[in-house]
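Just below is one structure, and these are the notes that go with it.
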Protein chains: 2
Amino acid sequence: MKISAKGEYGIIALIDVANYYGGEPIQAKSIANRYNIPERFLEQIMTTLKKAGLVKSIRGSHGGYQLAKTPWEITLGDALKALDGDISPMYCVSENNKEQCSKERLCTIKDVWEEIRGCIQKTLSSITLKDMCNKKMEREMKAAHMYFI
Amino acid sequence: MKISAKGEYGIIALIDVANYYGGEPIQAKSIANRYNIPERFLEQIMTTLKKAGLVKSIRGSHGGYQLAKTPWEITLGDALKALDGDISPMYCVSENNKEQCSKERLCTIKDVWEEIRGCIQKTLSSITLKDMCNKKMEREMKAAHMYFI
DNA sequence: ATAATTCCTACCATTCCGATAGGGATTATA
DNA sequence: TATAATCCCTATCGGAATGGTAGGAATTAT
């Protein structure tokens with residue numbers, strides 16, 4: 001029941017890219033350095049995010065990544081779905097699961113998995129990158145203030 | 001973000017043992033056969049459940065397992081905590097995590113993990129073995145009725 | 001004594017995770 | 001046009017976790 005490093009790194013990167021929304025593209029290398037993420041690993045993660053349509057890339061010198069949508073159109077649910085595949089505690093309640101479990105008719109546990117999947121999904125899809133950016137700024141302001149005192 | 005086979009098998013076994021609450025002890029072998037779970041694997045799982053204080057065992061011939069508490073005192077949260085270790089999407093919000101993350105002061109994502117952990121926990125700890133037994137019986141009654149028609 | 005059980009420990013095969021690595025394609029700019 | 005800075009594609013790899021399997025000891029009812 002753990003979210004992978006890939007998932008966490010990807011979310012960190014997405015929030016960072018969202019922070020620069022409307023400006024110059026931001027490089028994977030830069031993100032990797034600032035958040036202490038293995039550079040080549042992050043490259044792959046960015047590719048995943050690109051394939052999922054969450055970021056767009058600009059190749060060549062001065063290239064980098066930008067959001068493919070606005071920060072308030074991308075939720076953490078979108079991100080984790082792209083990165084970790086699917087948010088569900090059990091395969092039988094996975095979205096892209098076609099084959100029905102043979103014991104399904106008498107299975108009483110499936111409902112529980114369904115409920116858990118629902119509450120995770122609800123939480124994650126209610127939080128946008130914009131929300132995370134706002135929160136971050138707020139947090140940094142507060143930290144700066146503490147520093148002054 | 002998946003619950004392990006160990007977790008699922010353990011919950012199935014617990015519900016089964018709860019079904020026999022107040023009666024004779026039920027053997028791991030019997031559970032394994034009826035639910036198609038590898039026998040020796042289930043043995044280990046039952047040991048885990050015993051160590052967690054959820055079942056008690058009776059050794060020797062005619063031995064087996066019984067609930068260590070009443071079915072309405074044991075929740076699915078208790079079960080999964082014992083089986084899968086800890087229900088949290090990230091180590092930094094795990095219950096038995098002592099060392100604070102170095103980036104914690106500026107980390108805005110931790111709150112999200114915390115929220116998810118909370119909603120999973122809430123769901124799982126609200127469902128008792130008794131609930132699951134009732135549900136199962138209901139389901140079986142319905143199935144039997146369908147069969148008659 | 002025997003059979004049925006739990007219990008303890010070790011081992012093992014496969015898969016997944018978290019990278020690392022080499023090199024190609026593209027692009028700004030000097 | 002050469003160069004440096006990027007993204008991009010593919011392959012590989014070590015370690016840990018997962019999902020078992022296995023041998024045999026201890027306990028107990030019959």
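Treat the numbers as computed from the prediction; the structure is a model and nothing was measured. First the proteins, then the strands, lettered A, B, ... as listed; each starts at 1.
Atom CE in A/Met46 sits roughly 13 Å away from atom C1' in D/dT6 (whole-Å rounding). Between the C1' atom of C/dC7 and the CD atom of B/Glu39 lies a distance of 14 Å, rounded to the nearest Å. Atom CD in A/Glu43 sits about 13 Å away from atom C1' in C/dA25, given to the nearest Å. Rounded to whole Å, the distance from CG on A/Leu42 to P on D/dC8 is 12 Å. In this structure, CG of A/Asn36 is placed 14 Å from C1' of C/dA19, rounded to the nearest angstrom. If you take NZ of B/Lys2 and C1' of D/dG19, they are 17 Å apart, rounded to a whole angstrom. Atom pair A/Leu49:CG and D/dC7:P shows a separation of 13 Å (rounding to whole Å applied). If you measure from atom CG of A/Asp84 to atom C1' of C/dG18, you get 12 Å, rounded to the nearest angstrom.
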Dump the pairs, protein N or O against N or O of nucleotides 27-30 of chain C, anything under 3.5 Å, distances to one decimal.
unit_1: C/dT27; atom_1: O2; unit_2: A/Ser61; atom_2: N; d: 3.2

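The local environment of NZ in A/Lys2 is crowded, with over 12 non-hydrogen atoms from other residues, nucleotides or ligands closer than 6.0 Å. More than 12 heavy-atom neighbours from other residues, nucleotides or ligands sit within 6.0 angstrom of CD on A/Glu104.
Using a 4.5 Å heavy-atom cutoff, the side chains of A/Pro89 and A/Arg117 are in contact.
The phosphate of C/dC7 has OP1 or OP2 within less than 4.0 Å of a side-chain N or O from B/Tyr65.
Taking only side-chain atoms of B/Pro38, from C-beta outward, the nucleotide of D/dG20, D/dC9, C/dC7 with the closest atom is D/dG20. The nucleotide whose nearest atom lies closest to any side-chain atom of A/Lys50 is, among D/dG19, D/dC7, D/dC8, D/dC8. Here the nucleotide nearest the side chain of B/Gln44, chosen from C/dC8, C/dA19, D/dA22, is D/dA22.
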Apply the test side-chain hydrogen bond (donor to acceptor under 3.5 Å, both in side chains) to residues B/Ser30 and B/Asn33: give CA-CA distance (whole Å), side-chain angles for both, the deciding distance (0.1 Å), then the verdict. CA-CA 5 Å; B/Ser30 160; B/Asn33 286 337; over 6 Å; no
Assess the residue pair A/Lys135 and B/Thr108 against the criterion (side-chain hydrogen bond (donor to acceptor under 3.5 Å, both in side chains)); give the C-alpha distance rounded to whole Å, side-chain angles, the decisive distance to 0.1 Å, and a yes or no. CA-CA 7 Å; A/Lys135 206 165 175 176; B/Thr108 49; over 6 Å; no
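Remark: B/Glu43 engages B/Arg40 in a salt bridge, criterion side-chain N to carboxylate O under 4.0 Å. Using a 4.0 Å cut-off between a side-chain N of Lys or Arg and a carboxylate O of Asp or Glu, B/Arg139 and A/Asp111 qualify as a salt bridge.
Taking only distance into account, the side chain of A/Gln27 never meets the base of D/dC7 through a donor-acceptor pair shorter than 3.5 Å.
Within 4.0 Å (heavy atoms only), B/Lys29 reaches no atom of the nucleic acid at all.
When each of A/Arg40 and A/Lys6 is assigned the nucleotide of DNA chain C bearing its nearest heavy atom, the one mapping closer to the 5' terminus is A/Lys6.
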